[in-house]
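Taking it in order: structure first as structure tokens, then the write-up.
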Protein chains: 2
Amino acid sequence: MGTKERRQREFNEREELFLNVALELVRSNGLLNLQMSRLAEKAEYAVGTLYLHFDSKEDLVFVRRHPDYFRVAQYTLCEVSWKATSAERRQHFLEANDPLVEIVSGIVEDARRSGDLPPGGATAQELAVGVWALCGGHQQLAHAEGLMADITITDPYRLMCRHLIALLDGFGWKPLSDPNDLGAIDALIARVQREVFNEECDVTR
Amino acid sequence: MGTKERRQREFNEREELFLNVALELVRSNGLLNLQMSRLAEKAEYAVGTLYLHFDSKEDLVFVRRHPDYFRVAQYTLCEVSWKATSAERRQHFLEANDPLVEIVSGIVEDARRSGDLPPGGATAQELAVGVWALCGGHQQLAHAEGLMADITITDPYRLMCRHLIALLDGFGWKPLSDPNDLGAIDALIARVQREVFNEECDVTR
DNA sequence: GCCACGTTTTGAATTGAATTCACAATCCTG
DNA sequence: CAGGATTGTGAATTCAATTCAAAACGTGGC
């Protein structure tokens, strides 16, 4: 019975199409101006079809996992829309984050095992939350146009890295570095970018 | 010419009324369910009157400075609504934050002068941004129901304090404390609450 | 090939809320 | 107290999300 499977595949492809078109629209007009009818039109399907895939607009936005993820995550986490979202989607979001939590926790545990991080105290997850919060908070501030400029901050992402270093230093994570040594930080950023992300990702944007 | 002034006063009082009723509604039904027509009705004025005071709903929400400030600030800073807001309101928001920036910068400078904080390196404002980001990020995560529970974090605000301590320790701000000494942290929280906030503010909520 | 039936897709109609604006009410001034 | 200016009103408009009855399509049996 291959028909059913083909159907399913086509359905998935259409969903993918919707998501891609949505992404395009979000990129050019912003999340706020995303309109279901325009999205449907641009994808060359009827609005109703869109609603076969997504329960609501929130739902549509929620599904995206992508380079623009940060922006969506911020919107999603914003209490207002968090509460507007169905419990299933929230669960989905939380579960989608699990692997990340795993990875980060693993890194923390490795560090502890190897003695880079003093034993006892914060659990791996507690530490991870701090990093997550710091990144999210910086992201939020960095995107509020004019805010950083107002307090004469240039290069907000480098600043974020400095704060991350300070935070981890505060937990005694070795090697300790100086959050004020800009040269060393730039070198570190460059190295991580090269060795971990294989140049694919420009952290400074 | 006292009439004009009375008028102005009455206008201001009405604005205050609108804001109070709005706050009530937000508290009972959430920010998302705030409806202009219901607000007008509850305040016993016409919708049009509401619009004499506020250009839009965003505008109304923006104006509030209050214990629920965090929630509103989060919504405000969320890129999506930040961009939807008029440039004037944004400017207003930024200016309203200036005194806070001043205060925090002052504290940082005092610390540097007294030798508690090593000289050089991050500017006071850069340091302040880190604290702001960390608080905002924690706030965001803490309010996303289920998220903290999912990764077995209890007492997210205490955790936030631990991370703040770690961050400042990382910058070498004396006295250095151990972000893992929970007893000391609780004592510190209690002390700050007592001496600075005069018990008026329950930080643990 | 063609019909009947279930399934999928459609988009016009509905709904719900923000915002506007022509008119009404009120206030002020000479 | 007339009448022009200012302020307040809420029905009407607008705009976008969501629904749902009907059309189009696919499938298996004859």
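Chain letters run A, B, ... following the sequence lines, proteins first, then strands; residues in each count from 1.
Look at CE on B/M36: it is 17 Å from C1' on D/dT13, rounded to the nearest Å. Remark: C1' of C/dT7 and CG of A/L52 are 11 Å apart, rounded to the nearest angstrom. What separates CZ of B/R38 from C1' of C/dG16 is a distance of 11 Å, to the nearest Å. D/dC15 atom C1' lies 13 Å from atom CG of A/N33, rounded to whole Å. Computed from coordinates, the B/E41 CD to C/dA18 C1' distance equals 16 Å when rounded to whole Å. In this structure, the OH atom of B/Y45 is 13 Å from the C1' atom of C/dT26, given to the nearest Å. Between B/Q8 atom CD and D/dT7 atom C1' there is a gap of 13 Å when expressed in whole angstrom units. Look at CG on B/L50: it is 17 Å from P on C/dC21, rounded to the nearest Å.
Checking C/dA17, C/dT19, C/dA12 against the side-chain heavy atoms of A/V47 singles out C/dA12 as nearest. Of the candidates D/dA17, C/dG11, C/dT19, C/dT19 carries the atom nearest the B/S56 side chain, counting heavy atoms from C-beta on. Residue A/Y51 places its side chain closer to D/dA17 than to any other of C/dA18, D/dG8, D/dA17.
For the pair B/Q125/B/V104, no side-chain contact is recorded, criterion being any heavy-atom separation below 4.5 Å from C-beta on.
The residues A/E5 and A/R9 are annotated as not salt-bridged, no charged nitrogen and carboxylate oxygen being separated by less than 4.0 angstrom. Between B/R6 and B/E10, at least one side-chain nitrogen of the basic residue sits less than 4.0 Å from a carboxylate oxygen of the acidic one, meeting the salt-bridge criterion.
Backbone-only contact: B/L34 has heavy atoms under 4.0 Å from sugar-phosphate atoms and none from a base.
The one candidate from A/I185, A/L167, A/D155 that meets the side-chain contact (heavy atoms from CB on, under 4.5 Å) condition with A/R162 is A/I185.
Phosphate proximity of C/dT9 to A/T49: absent, as no side-chain N or O sits under 4.0 Å from OP1 or OP2. For the OP1/OP2 pair of C/dT9 and a distance below 4.0 Å, the side-chain nitrogens and oxygens of A/R14 include at least one atom meeting the criterion.
Using a 3.5 Å distance cut-off with no hydrogens or angles, the side chains of A/N12 and A/Q8 do pair a donor with an acceptor.
Ring pair B/F171/A/H163: centre-to-centre distance below 6.0 Å.
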N/O to N/O distances under 3.5 Å, protein versus nucleotides 21-26 of chain D:
{"residue": "D/dG26", "atom": "O3'", "partner": "A/R7", "partner atom": "NH2", "Å": "3.0"}

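At distances below 3.5 Å, not a single donor-acceptor pair connects side-chain atoms of B/D169 with backbone N or O atoms of B/L176.
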